[in-house]
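Written below as structure tokens is the structure these notes are about.
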Amino acid sequence: MIDLKAARQEPDRYRAALARRGAGADLDALLAADARWREHTERAESLRAQQKRSSKGKPGPDELAELRGLAAELTAAAEDQAQAAAERDELLARIPNLPDPSAADGMDEADAELVRTWGEPPAFDFEPRDHLDLGSPTGWVDMARGARLSGSRFAYRMGDVALAEMALYRFVLDRLAGKGFLPVLPPILVGERAMYGTGFLPTEESNLYRLEKDDLYLTGTSEVALAGIHMDERLEEEQLPARYVAFTTNFRREAGAAGKDTKGMFRVHQFDKVEMYVYCRPEESAGFHEQLLAHEEELVQALGLPYRVMNIAVGDLGAPAAKKYDIEAWFPAQRRYREITSCSNTTDYQARRLNVRFRRGGKLDFVHTLNGTGATARALLSIMENFQDEHGTVTVPEVLRQYGAPATLGTRPPAAGQS
RNA sequence: GGUGGAGUCGCCUAGUGGCCGAGGGCGCACGCCUCGAAAGCGUGUGAGGGGGCAACCCCUCCGUGGGUUCAAAUCCCACCUCCACCGCCA
């Protein structure tokens, strides 16, 4: 969440910054609710102070009657205060982060700013197939069976594709562990608090799978569990930066994406991902954001995928992000660049909601947090499409082979239960 | 899932309705003492929020949420976590 106290002191600065992403009016509503809350608070607190002063000992009958009246008045005042606080908090929870001045202007995907391009899209002298056309004949990517089992947007990956995908995650995990990220296998069912804290609730509610019976949510990214590691903790300055890399399966309802990317496993309800997460000092977060991007580029370059880096427009950012870079890899069959990684600087937005602070010089301050994709299956899809030949055989990048990936995909079908 | 016990200011702990809206010890910080240190002595020691230019004042927080009461760390209810044992399963 944003710093309400600061917003109160500098409403014009906050309004101008939030207006860039279309939230200026929301801020004004919040400030009005906050003013109401302060009125009620002052009244309730002065009544409570009065009660405390006069209830030091056993009261006489007259006093008792007076105290009963005071208690009733206080109860009413406290109810007003609580209601005003609830109204204020509800508005506050929906205010997005202040955008970074260097985040691109604009309201949607098309307004993203090109940062740089790397590599050359391959030139084919045949019509390149997409990953499903490459994977279906051998049964490595089986959407039909996935749909029969679980509905649309669920994929079976089998045989060499399964091995290659596992190798991809292991490769990325290994590289990032080597850069100082602590590997983590976290819970992926989490309580409401973590979902609010990371900013997925309340704004992304329709995209979350929820287990009603147990009051738990399935996470859409390991960011949630990694952000939760230090929830309510007070870190020592020496513990920063704290860097983690997790592997998790992720779940997204993809509400509102009907008709989008319906073919293959490009956009599915369940996918696996390696994710980086950083806790750092406030003044370091911009630097770490560039560093996360550099790590991501290094990984994509090691795989040999042509890509470009985009600075996402403020209006297209998720609520917690102040700035976001996407890496978009080339997908030959789609003839365009598509997102394969994303890294965000969430500054103190998640830290405030999750109450993660650190001690420096006797003072407590909120940490800054960042997250970035190590790899998802989309990287493998790009590999399949970029490194295919006219026979539908895919050459797997060298770096993945030492992690158990076969040298090529497409030369043998899965062994068991072929149809 | 069942039964029993526990959860207090960094740590340990006192505490059975108003003198605890929180005492003590440890630790930590500063000071005294000392050539220096230790010991000893003294002082201080959390978080969140509101008000004030400020010194400062006020409110909240004893696992969480409700309830009883003029008044709750203390009584009642529910839940959570931990420990022990039992049952079931991996």
Side-chain angles (χ1 to χ4, degrees), chain A residues 1-11 14 27 30-93 95 185-197 201 210-217 224-225 228-240 242 249 279 282 348-368:
Chain A
M1 69 184 88
I2 61 164
D3 183 348
L4 182 55
K5 212 190 286 184
R8 215 182 266 147
Q9 281 162 0
E10 303 179 84
Y14 272 71
L27 179 75
L30 171 66
L31 291 175
D34 178 57
R36 284 193 296 277
W37 170 79
R38 274 185 296 164
E39 274 173 40
H40 285 117
T41 296
E42 279 172 44
R43 175 169 161 72
E45 285 189 355
S46 73
L47 284 170
R48 200 173 283 121
Q50 198 182 330
Q51 182 187 59
K52 282 174 69 166
R53 276 193 300 273
S54 34
S55 68
K56 285 293 177 199
K58 219 171 238 176
D62 292 352
E63 281 172 299
L64 195 61
E66 205 181 307
L67 285 171
R68 285 205 173 111
L70 184 61
E73 212 178 331
L74 176 58
T75 302
E79 269 167 26
D80 290 345
Q81 183 192 12
Q83 198 192 328
E87 285 169 12
R88 181 200 63 178
D89 291 345
E90 194 167 318
L91 292 168
L92 180 59
I95 301 278
L185 293 171
I188 56 178
L189 274 173
V190 303
E192 193 179 56
R193 172 85 200 285
M195 279 297 185
Y196 262 98
L201 283 175
R210 179 175 175 211
L211 281 75
E212 194 128 2
K213 254 186 193 171
D214 301 283
D215 209 18
L216 291 169
Y217 293 86
V224 179
I229 290 178
H230 294 298
M231 185 160 81
D232 289 326
E233 290 185 11
R234 295 188 295 198
L235 303 173
E236 296 302 326
E237 191 178 9
E238 302 75 53
Q239 289 176 261
L240 301 175
T249 298
Y279 299 76
D348 60 356
Y349 193 84
Q350 293 181 333
R352 283 180 187 280
R353 290 175 159 234
L354 289 165
N355 190 25
V356 183
R357 292 173 295 168
F358 75 107
R359 188 180 293 283
R360 168 158 65 178
K363 287 265 182 192
L364 283 171
D365 197 6
F366 290 104
V367 300
H368 276 201

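Every chain is numbered from 1 and lettered A, B, ... according to where its sequence line falls, protein lines coming before strand lines.
At a threshold of 4.0 Å, the pair A/K363-A/E237 does not count as salt-bridged, since none of the basic side-chain nitrogens sits closer than that to a carboxylate oxygen. Between A/R210 and A/D215 there is a salt bridge, with a side-chain nitrogen of the basic residue lying less than 4.0 Å from a carboxylate oxygen of the acidic one.
Comparing B/C26 with B/G44, their C1' atoms sit 16 Å apart, to the nearest whole Å. Taking atom C1' on both B/C59 and B/A37, the two are 46 Å apart, rounded to the nearest angstrom. A gap of 28 Å separates the C1' atoms of B/G67 and B/A14, to the nearest Å. Here the separation of B/G25 from B/C82, taken at their C1' atoms, is 25 Å to the nearest Å. Comparing the C1' positions of B/C12 and B/G17 gives a spacing of 27 Å, expressed to the nearest Å. Here, B/A29 and B/C85 have their C1' atoms 46 Å apart, quoted to the whole Å. For the P atom pair drawn from B/U68 and B/U74, the interatomic distance equals 15 Å after rounding to whole Å. The separation of B/C20 from B/C57, taken at their C1' atoms, amounts to 23 Å, rounded to a whole angstrom.
Applying the 6.0 Å contact sphere to CD of A/E90 captures no more than 12 heavy atoms from other residues, nucleotides or ligands.
Listed by chain and residue number, nothing satisfies the side-chain hydrogen bond (donor to acceptor under 3.5 Å, both in side chains) test with A/D80 (two or more places apart in sequence, or in another chain).
B/A47 atom C1' lies 17 Å from atom CZ of A/F358, rounded to whole Å. Look at CZ on A/F366: it is 12 Å from P on B/A47, rounded to the nearest Å. Atom P of nucleotide B/C58 and atom CG of A/L47 are separated by 16 Å, given to the nearest angstrom. Rounded to whole Å, atom C1' of B/G49 lies 14 Å from atom CD of A/Q9. The CZ atom of A/R48 sits 16 Å away from the P atom of B/G21 (whole-angstrom rounding). Whole-Å rounding puts the A/H40 NE2 to B/C59 C1' distance at 16 Å. Put simply, CD on A/E45 is 18 Å from P on B/G21, counting in whole angstrom units. Remark: C1' of B/C61 and CG of A/D232 are 13 Å apart, rounded to the nearest angstrom.
Considering only heavy atoms from C-beta on, A/R88 comes within 4.5 Å of A/L30 through its side chain.
There is a side-chain donor-acceptor pair under 3.5 Å between A/Q83 and A/E87.
Nucleic acid contact class of A/R43 (heavy atoms, under 4.0 Å, all strands): none. Using a 4.0 Å heavy-atom criterion, one finds that A/R193 contacts no nucleic acid atom at all.
Figure legend. B/U34 is base-paired to no nucleotide; pairs are counted as Watson-Crick or G-U wobble with both atom distances under 3.5 Å. Across all strands shown, B/C61 forms a Watson-Crick or G-U wobble pair, both distances under 3.5 Å, with B/G46. A 3.5 Å limit on both hydrogen-bonding distances identifies B/C26 as the Watson-Crick or G-U partner of B/G10.
Residue-to-nucleotide proximity on RNA chain B shows that, of A/L364 and A/D34, the 5′-proximal contact is made by A/L364. Residues A/R359 and A/R8 both approach RNA chain B. Their nearest nucleotides, taken by heavy-atom distance, put A/R359 toward the 5′ side.
Residue A/R234 has no polar side-chain atom (N or O) positioned under 4.0 Å from OP1 or OP2 of B/A47.
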